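Inspection log for the structure reproduced underneath, given as structure tokens.
Model, not experiment: these values are computed from the prediction. Basis for what follows: all heavy atoms, side chains included, without hydrogens, waters or symmetry-related copies.
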Amino acid sequence: MTDQRSRFETFSDQEWARVEALLPSNAGRRGHPFGDNRRVVEGIIYRYRTGMAWRDLPREVFGPWQTVWKRHRRYAADGTWDRVLAELLAQADAAGKIDWSTSVDATISRAHQHATNTTRPDQDTGGSVELHEFAGRVRRQPAGGGEREPAGHGVGRSRGGLTTKIHAAVDGHGRPLAVVVTGGQRNDGAMLAEVLADIRVPRVGPGRPRTRPDTVIADRAYTNGVNRRMLAGRGIRAVIPQKSTEITARTRRGSNGGRPPAFDAETYKNRNVVERSFSLTKQWRGLATRYDKLAITYRSATVLQACIRWLRLLEDTP
């Protein structure tokens with residue numbers, strides 16, 4: 001059967017039915033009830049897919065742009081898309097669709113001038129700034145929301161200018177399991193524990209959520225003793241090549257240098273799935289370039305795109 005969706009539509013009727021059941025309701029709360037959720041969510045997606053200004057959203061298709069923006073801002077603040085993603089991951093895990101050989105990496109997105117024309121008294125743009133808890137990054141929203149906007153709005157100064165970095169963990173097929181947003185100057189390896197802590201896949205039925213992959217595949221930016229000890233302590237197999245400087249330092253120490261860490265070159269060949277995942281992420285022009293002033297709204301859109309990718313997998317599952 002031919003797909004009759006227009007260029008303004010992302011969801012099929014079956015996909016929307018699954019998503020709509022997971023969205024919050026304002027039943028019993030003060031104020032006007034949410035109207036036409038589907039049109040509003042399609043408007044959010046269309047804005048990020050095209051990279052247009054919120055004010056330019058076609059009113060005849062999506063309604064007032066203010067309604068679309070306010071709903072996106074609300075869903076970002078209360079962690080709606082994180083909860084939707086968690087439920088979709090739970091369904092995928094129950095169906096055996098998650099490959100727990102996880103790849104981790106980060107990608108840079110240039111921050112447009114519209115994303116950086118804010119007053120940022122606490123901004124962390126220097127490459128040597130030490131980030132305290134919550135500062136400079138935004139990750140999965142806690143139950144009920146409450147995650148505050150990070151210092152500097154997740155914008156940092158790197159070689160490319162003012163940038164934002166998306167840190168992601170994907171399963172063995174390149175589908176996102178966790179997303180953390182920081183300033184572009186943030187070191188990849190220093191964020192490994194944060195990214196892995198963002199993985200949380202609830203069980204369908206009794207049991208604790210799964211938070212630990214079987215394997216972590218990462219490039220040389222993640223190789224250090226701290227990360228290797230952390231992975232070993234959690235029982236996670238590390239597939240991370242060493243830097244030449246590490247090999248040289250160990251060789252110079254002779255027998256005192258110890259054995260080199262195990263490295264599975266065949267498994268490492270699958271690391272490209274995270275690069276291909278970023279390629280799909282940046283097909284949305286509003287994610288390839290950051291136009292959002294707030295880090296939580298920018299990250300929320302990356303999680304929304306992850307939801308769509310898992311949703312399509314589930315709809316294709318017999």
Side-chain angles (χ1 to χ4, degrees), residues 11 14-27 37 41 44-45 72 74-104 134 137-148 166-181 191-217 230-231 233-237 273-274 277 280-281 296 299-318:
F11 299 108
Q14 294 80 6
E15 290 170 346
W16 176 249
R18 189 187 289 260
V19 170
E20 187 176 32
L22 303 176
L23 294 179
S25 168
N26 64 347
N37 269 346
V41 174
I44 296 170
I45 295 170
H72 177 53
R74 176 172 182 166
Y75 284 173
D78 66 15
T80 290
W81 295 121
D82 286 298
R83 291 192 294 275
V84 172
L85 179 60
E87 179 60 31
L88 296 176
L89 288 173
Q91 295 174 20
D93 190 40
K97 296 295 183 180
I98 298 180
D99 183 341
W100 286 98
S101 180
T102 304
S103 294
V104 178
F134 294 121
R137 62 98 171 115
V138 59
R139 47 172 291 194
R140 176 173 52 82
Q141 304 295 289
E147 179 80 286
R148 67 181 182 178
I166 302 173
H167 306 261
V170 303
D171 82 331
H173 301 293
R175 302 184 185 94
L177 297 172
V179 178
V180 178
V181 167
M191 292 300 299
L192 179 60
E194 290 267 11
V195 175
L196 295 182
D198 204 54
I199 298 176
R200 185 177 183 276
V201 179
R203 307 286 187 179
V204 175
R208 295 181 180 179
R210 177 161 183 174
T211 60
R212 185 175 61 186
D214 296 327
T215 303
V216 166
I217 309 172
M230 180 270 293
L231 293 174
R234 297 185 61 189
I236 302 172
R237 185 168 71 110
V273 297
V274 68
S277 178
L280 290 175
T281 296
I296 60 173
R299 179 189 172 275
S300 180
T302 68
V303 177
L304 172 56
Q305 194 203 54
C307 291
I308 294 171
R309 290 162 66 178
W310 283 106
L311 181 65
R312 289 179 174 167
L313 170 70
L314 292 170
E315 286 301 314
D316 290 340
T317 302

(message) If I compare all heavy atoms of His72 with all of Ala301, which pair ends up nearest, and what's the gap?
(response) CE1-N, 4.1 Å
(message) Would you say that Glu87 contacts Val84 through its side chain, given a criterion of any heavy-atom pair below 4.5 Å between the two side chains?
(response) no
(message) Is any side-chain heavy atom of Val274 closer than 4.5 Å to one of Ile217?
(response) no
(message) Within this structure, what is the CZ-CZ distance for the pair Arg175 and Arg309, rounded to the nearest 0.5 Å?
(response) 8.5 Å
(request) Please tell me if the side chains of Arg210 and Leu177 come closer than 4.5 Å, counting only heavy atoms from C-beta onward. (result) no
(request) Please check if the side chain of Arg212 supplies one atom and the backbone of Arg234 the other of a donor-acceptor pair under 3.5 Å. (result) yes
(message) Is there a side chain to side chain contact (heavy atoms under 4.5 Å, CB included) between Asp198 and His167? Walk through the geometry before answering.
(response) CA-CA 11 Å; Asp198 204 54; His167 306 261; over 6 Å; no
(message) Quick check: do Leu192 and Leu231 have side-chain heavy atoms less than 4.5 Å from each other?
(response) yes
(message) Using 0.5 Å steps for rounding, measure from the CD atom of Gln14 to the CG atom of Leu314.
(response) 13.5 Å
(request) Determine whether Arg83 and Leu22 make a side-chain contact, defined as any pair of heavy atoms from C-beta on separated by less than 4.5 Å. (result) no
(message) Please find the pair of heavy atoms, one from Val195 and one from Ala178, that lie closest to each other, and give the distance.
(response) O-CB, 3.6 Å
(message) The criterion is side chain to side chain contact (heavy atoms under 4.5 Å, CB included); which residues satisfy it with Asp93, sequence neighbours excluded?
(response) Ile98, Trp100, Val201, Arg203
(message) Minimum heavy-atom separation for Val273 and Gly172, please, with both atom names.
(response) CG1-O, 3.6 Å
(message) Taking the basic N atoms (NZ, or NE/NH1/NH2) and the acidic carboxylate oxygens, is any pair closer than 4.0 Å for Arg299 and Asp82?
(response) yes
(message) To the nearest 0.5 Å, what is the distance between CG on Leu313 and CD1 on Ile308?
(response) 14.0 Å
(request) Look at the aromatic rings of Trp81 and Tyr75 and report parallel, tilted or perpendicular, splitting at 30° and 60°. (result) perpendicular
(message) Checking side-chain polar atoms at under 3.5 Å, does Ser101 have a donor or acceptor matched by the opposite partner on Asp99?
(response) no
(message) For Leu196 versus Met230, what's the shortest heavy-atom pair and its separation?
(response) CD1-CE, 3.9 Å
(request) Work out which heavy atom in Ile296 is nearest to a heavy atom in Ala76; give both atom names and the distance. (result) O-CB, 3.6 Å
(message) With a 4.5 Å cut-off on side-chain heavy atoms, are Arg74 and Thr80 touching?
(response) no
(message) Show the nearest heavy-atom pair for residues Pro176 and Ser277, with the distance to one decimal.
(response) CG-OG, 4.2 Å
(message) What's the separation between atom CH2 in Trp310 and atom CD in Gln91, rounded to the nearest 0.5 Å?
(response) 11.5 Å
(request) Report the distance from atom CG of Leu304 to atom CD1 of Ile45, rounding to the nearest 0.5 Å. (result) 4.5 Å
(request) Mind checking the OG1-CG spacing from Thr102 to Asp171? Nearest 0.5 Å is all I need. (result) 7.0 Å
(message) Could you check whether any side-chain heavy atom of Val104 comes within less than 4.5 Å of a side-chain heavy atom of Met191, counting everything from C-beta outward?
(response) no
